[in-house]
Amino acid sequence: MKFKSPPVNSLSLDFITELCISLEKLENNRECRGVILTSAVPNIFSSGLDITEMCGKSMEHYAEFWRAVQEMWLRLYGSNMVTVAAVNGSSPAGGCLIALSCDYRIMVQNPKFIIGLNEAQLGIVAPFWFKDTFVNTVGHRVAERSLQLGSLHSASEAHKFGLVDELVPEEKLQEKAAAIMAQWLALPDHARQLTKSMMRKAVLDRLVAHREEDIQNFVNFISKESIQKSLRMYMEMLKKKKS
């Protein structure tokens with residue numbers, strides 16, 4: 001599955017909805033046992049959540065958007081399929097979450113590419129299920145420091161503490177992703193699926209149990225004038241960079 005929403009594969013409501021529908025179709029297709037997620041846009045895997053969805057909109061829109069973000073994570077993190085992220089570009093915030101939600105992450109070895117949950121830099125807070133997914137991947141101390149600083153890590157740094165499993169040259173990425181997929185698919189599906197469920201169930205169940213509360217927390221937080229001001233400033237900064 002290739003992400004193609006130029007210029008930076010930002011996770012808009014439309015993009016997330018389409019991604020969820022595509023994942024559901026693959027999940028329901030018994031002949032599909034695994035999916036490799038990558039980008040068709042050069043130098044970017046996904047820039048993360050679309051800030052325009054969180055700025056200057058109604059409370060109803062914020063709730064609808066956040067429910068879609070939750071749904072994307074629940075589908076991906078809880079998928080019965082083998083999921084491999086072939087990260088062929090920078091992957092901040094929500095882009096990093098997509099990669100974290102997969103079973104295996106391969107990243108292109110390029111000093112320009114960065115990955116991490118940098119929400120703190122935008123003046124917003126990664127919710128508990130982002131945090132739980134991150135902690136389960138890199139451990140508590142690395143996650144705590146990285147989340148508080150809103151750090152974006154180079155591919156080498158990310159590999160060093162386990163945020164990504166492997167680094168490869170760009171021209172080898174698809175070949176390596178296919179080889180990893182073959183390795184995981186060589187196992188009996190039921191054993192792998194039950195093991196994955198056992199490892200991830202507590203984190204998934206926690207969001208399912210607190211889903212409405214999490215949406216309300218997001219809506220209350222994102223609609224605060226101080227947060228809206230912070231997001232507007234960030235968007236202005238991005239515009240200046242482009243020009």
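- Looking only at atom types and distance, the side chain of Gln70 has a donor-acceptor partner in the side chain of Asp214 under 3.5 Å away.
- No donor-acceptor contact under 3.5 angstrom links the side chains of Asp14 and Ser12, judged on distance only.
- We find that Glu119 and Lys131 are not joined by a salt bridge, their nearest charged nitrogen and carboxylate oxygen being 4.0 Å or further apart.
- The number of heavy-atom neighbours closer than 6.0 Å to CE of Met237, taken from other residues, nucleotides and ligands shown, is above 12.
- Using cut-offs of 30° and 60° on the angle between ring planes, the pair Trp73 and Trp129 is tilted.
- With respect to Arg211 and Glu71, a salt bridge is recorded, a charged nitrogen being found less than 4.0 Å from a carboxylate O.
- By the 4.0 Å N-to-carboxylate-O rule, Glu236 lies close enough to Lys239 to be salt-bridged with it.
- Looking at Glu213 and His210, their side chains do bring a donor and an acceptor atom within 3.5 Å of each other.
- Comment: Glu24 engages Arg75 in a salt bridge, judged by a side-chain N to carboxylate O separation of less than 4.0 angstrom.
- Side-chain N/O atoms of Glu27 and Ser79 include a donor and acceptor closer than 3.5 Å.
- Under 4.0 Å is where a charged nitrogen must lie from a carboxylate oxygen, and between Glu64 and Lys57 no such pair does.
- Residues Leu152 and Leu117 do not share a hydrophobic cluster, clusters being chains of Ile/Leu/Val/Met/Phe/Trp/Tyr side chains in contact below 4.5 Å.
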